Visitor: 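The structure under discussion is supplied below as structure tokens; questions concerning it will follow.
Every value quoted in this text rests on a predicted model; they were computed, and no experiment measured them.
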Amino acid sequence: MIRQIKLLTKTQLCNFMDLNVFRFTKDKKKKRSALSMGLLWLLLITMLCLYVGTFAYGYSKMGLGQVIPMYLIMISALLILVFGIFKAGSVIFQRNFYEILCALPVSQTAVVISRFFSMYLGNVILSVAVMVPGMAVYAYFNHPGISFYAVGTVGTLFIPLLPMAVATLLGALVTGIASRMKHKSLVTTVLSILLIVGIMMFSQMLAGVGETFTEEMFADLLETLTTMIARIYPPALWLGNAMTEGNVLQGGLYFGVSIAVFVVMVILIAGHFKSICENLYSTSAKHDYRMTEMKRNTVLTALFRKEVKRYFASSIYTVNTIVGPIMMVILAAAILLTGVDKIESVIPLQNGIIGLMPFVLAATSCIMTTTSTSISLEGKEWWILQSLPVDAKTVFDSKILLNLAIVAPFYVIAEVLIILALTPSFVELVWLIFLPIIYMLFTFVFGITVNLHMPVLHWENEVAVVKQSASAMVGGLGGCLIIILCAVPVVFVTGIVGEIVKAVTAIVILAITVLLYKTNAKTALSHIE
């Protein structure tokens with residue numbers, strides 16, 4: 001079975017990060033796209049390393065160096081858990097190769113382990129990017145012994161195992177439940193969203209736990225942080241103590257639990273792998289078709305309905321793009337329940353929270369836009385749109401309308417909650433309503449522009465497009481970053497000058513949106529490949 005695992009893993013990883021495309025393709029456009037994707041990943045990892053290094057430096061200067069390793073372990077695990085839930089089901093139960101693998105003399109366990117390792121490679125890069133800078137800063141200030149480096153190196157490689165196993169089990173549970181339902185994709189989407197919201201609420205324990213401490217406990221901040229980490233993610237405390245104190249017992253406990261959970265995960269999924277896949281990919285047909293009155297729609301309406309069906313047919317696509325709008329509503333509700341005065345006492349702003357709120361609403365609602373990957377998700381069916389007598393403007397309008405239809409209900413709810421919480425003046429109300437709309441329209445059009453320049457039409461798994469493509473990162477996160485940059489002057493400028501800055505920024509963004517929209521409309525669909 002070991003040989004099967006090696007061969008299957010090699011097959012799974014043969015095009016990791018588009019390395020095969022970069023090595024062997026003769027298409028210069030694809031090679032540039034693969035190189036751009038690699039550079040983008042490198043930039044993101046570099047930014048993550050700098051952030052972690054700065055965080056570790058600050059904790060060390062505060063005399064909290066001992067908590068750095070365990071804190072970073074917890075953050076790495078939570079990141080891997082959240083991202084893993086999004087893609088675990090589609091990666092483990094990947095549909096494209098299921099029929100081929102069923103015909104091959106390979107064990108289900110080998111298939112599951114090989115697919116687990118394909119996820120592991122990306123997650124271990126994340127854990128290394130988080131742990132290494134923090135460990136380096138800790139070592140500089142504390143001069144630990146050789147055991148710190150040995151345990152830290154091995155422990156960093158083991159960090160993904162436990163959260164990935166849990167994420168895979170949760171993803172398998174969601175996929176397994178959905179596979180027995182009539183509307184599989186819709187059920188998967190709803191369960192995934194509920195799971196993510198649950199994790200968001202659980203993450204609030206980090207802030208909520210502190211409310212249970214007495215003033216005497218706050219006097220020893222190091223003990224307080226250690227207690228918080230122990231309650232939220234005990235394995236981080238075990239590995240952290242093994243690294244900093246040489247605690248062999250807790251180190252063995254961490255490695256033992258990680259391996260045990262992984263083995264249990266493999267046994268459970270391998271035992272039900274075939275049945276889950278069969279139920280997941282089987283279809284039912286009804287034979288009670290009756291001819292009814294035929295309806296006629298405009299081209300734009302027909303394309304929009306097609307986009308809606310495509311959207312809800314992919315749970316990965318739906319969950320990845322609807323989390324931002326959900327966060328917007330949760331944030332608005334939290335502000336209403338907490339109270340503006342309490343928030344402003346913690347985060348003092350010159351213009352108050354109401355001056356920054358339009359940008360916050362826009363940024364959270366546009367964290368991952370559907371337009372940034374909508375063209376790529378056409379995949380092998382892209383030729384159908386190319387062959388239809390439809391202009392590019394109509395096609396792109398349908399994709400923008402989909403994004404607008406998804407965000408609009410959440411935006412209206414968030415606006416109502418924010419207006420109730422902030423009780424703005426007339427001018428503030430105008431900014432609060434129209435600024436987010438302007439920025440949202442910009443991000444939708446910007447997403448189309450990015451996807452036009454970075455299309456990925458040849459893919460095997462939707463995860464590669466929705467979560468790992470350059471278009472998803474640049475189009476989905478780039479618009480959000482631009483909104484944040486536009487919000488920076490508002491933090492430092494007050495009075496009439498601040499209002500002028502808002503107006504000028506909004507006009508510039510609106511002008512760029514119109515320019516991008518007109519440029520996109522002139523694109524020849526036949527040239528996109």
Visitor: Hey, are the side chains of T505 and P489 touching, using non-hydrogen atoms and a 4.5 Å cut-off?
Guide: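 No, their side chains stay 4.5 Å or more apart.
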Visitor: Looking at CG of N520 and CD1 of I375, how far apart are the two atoms once the value is rounded to the nearest 0.5 Å?
Guide: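 Here the rounded value is 8.0 Å.
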Visitor: State whether a side-chain donor-acceptor pair under 3.5 Å links N451 with T371.
Guide: no
Visitor: Taking side-chain hydrogen bond (donor to acceptor under 3.5 Å, both in side chains) as the criterion, tell me which of T321, N403, T370 meets it with Y311.
Guide: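 Only match with Y311 under side-chain hydrogen bond (donor to acceptor under 3.5 Å, both in side chains): T321.
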Visitor: For P436 and P358, work out which heavy atoms get closest and say how close.
Guide: CG-O, 3.5 Å
Visitor: Any side-chain heavy-atom pair from I437 and Y411 closer than 4.5 angstrom?
Guide: yes
Visitor: Taking all atoms of both residues into account, what is the closest heavy-atom pair of M454 and S376, and its distance?
Guide: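 What the structure gives for the nearest pair is O-OG, 4.1 Å.
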Visitor: Check A414 against A332 and note the closest heavy-atom contact, atom names and distance.
Guide: O-CB, 3.7 Å
Visitor: How close do S398 and V395 get, heavy atom to heavy atom, and via which atoms?
Guide: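 Closest approach of S398 to V395: OG-O, 2.5 Å.
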Visitor: Under 6.0 Å from the CG atom of L337, do we count more than 12 heavy atoms belonging to anything else shown?
Guide: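 Yes, CG of L337 has more than 12 neighbouring heavy atoms, counting only those of other groups under 6.0 Å.
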Visitor: Quick one, I322 and F410 - any side-chain contact, counting heavy atoms below 4.5 Å?
Guide: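 When only atoms from C-beta onward are counted, F410 and I322 do touch, with a gap below 4.5 Å.
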Visitor: How close do T373 and V465 get, counting heavy atoms only, and between which atoms?
Guide: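 Closest approach of T373 to V465, heavy atoms only: CG2-O, 3.5 Å.
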Visitor: Given side chains that start at C-beta, do those of L331 and M357 come closer than 4.5 Å, heavy atoms only?
Guide: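 Of all side-chain heavy-atom pairs linking M357 with L331, at least one is under 4.5 Å.
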Visitor: Could you tell me whether the side chain of V450 reaches within less than 4.5 Å of the side chain of S372, counting heavy atoms only?
Guide: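 Heavy-atom side-chain distance check fails, nothing below 4.5 Å.
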Visitor: Between L388 and V299, does a side-chain contact (heavy atoms from CB on, under 4.5 Å) hold up when you go through it step by step?
Guide: CA-CA 11 Å; L388 293 175; V299 175; over 6 Å; no
Visitor: By side-chain hydrogen bond (donor to acceptor under 3.5 Å, both in side chains), which residues pair with S76, not counting sequence neighbours?
Guide: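 For S76 there are no side-chain hydrogen bond (donor to acceptor under 3.5 Å, both in side chains) partners, ignoring immediate neighbours.
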Visitor: If you measure from CD1 on I326 to CD1 on I367, what distance do you get to the nearest 0.5 Å?
Guide: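 If I round to the nearest 0.5 Å, the distance is 11.0 Å.
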Visitor: Do V407 and T369 have side chains that get closer than 4.5 Å, going by heavy atoms?
Guide: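 They are not in contact (no side-chain heavy atoms under 4.5 Å apart), so the answer is no.
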Visitor: Over 60° means perpendicular and under 30° means parallel, so tell me whether Y120 and F117 are parallel, tilted or perpendicular.
Guide: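 Correct class here is perpendicular.
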Visitor: Flag the pair P163 / L78 as yes when at least one side-chain heavy-atom distance between them is below 4.5 Å, and no otherwise.
Guide: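 Answer no - side chains too far apart.
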Visitor: Sequence neighbours excluded, which residues qualify as salt bridge (Lys or Arg N to Asp or Glu O under 4.0 Å) partners of E307?
Guide: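 For E307 the salt bridge (Lys or Arg N to Asp or Glu O under 4.0 Å) partners, ignoring immediate neighbours, are K399.
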Visitor: Any chance you could lay out the side-chain contact (heavy atoms from CB on, under 4.5 Å) test for L126 and I80, step after step, and finish with the verdict?
Guide: CA-CA 8 Å; L126 174 62; I80 293 170; 3.8 Å; yes
Visitor: I'd like to know if the side chain of E415 reaches the main chain of L361, judged simply by a donor and an acceptor atom lying under 3.5 Å from each other, with no hydrogens or angles considered.
Guide: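 Looks like no, no N/O pair under 3.5 Å.
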Visitor: Might you work through the side-chain contact (heavy atoms from CB on, under 4.5 Å) test for I512 and V445, ending with a clear yes or no?
Guide: CA-CA 10 Å; I512 294 174; V445 176; over 6 Å; no
Visitor: Is any side-chain heavy atom of L162 less than 4.5 Å from a side-chain heavy atom of Y233?
Guide: yes
Visitor: Between T513 and F444, does the side-chain contact (heavy atoms from CB on, under 4.5 Å) criterion hold? Intermediate values first, please.
Guide: CA-CA 9 Å; T513 303; F444 300 161; over 6 Å; no
Visitor: Looking only at heavy atoms, which two atoms of L385 and K306 are closest? And how far apart?
Guide: CD1-NZ, 4.3 Å
Visitor: Applying salt bridge (Lys or Arg N to Asp or Glu O under 4.0 Å), name anything that partners K393, two or more places apart in sequence or on another chain.
Guide: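 Once residues adjacent in sequence are excluded, the partners of K393 under the salt bridge (Lys or Arg N to Asp or Glu O under 4.0 Å) criterion are D397.
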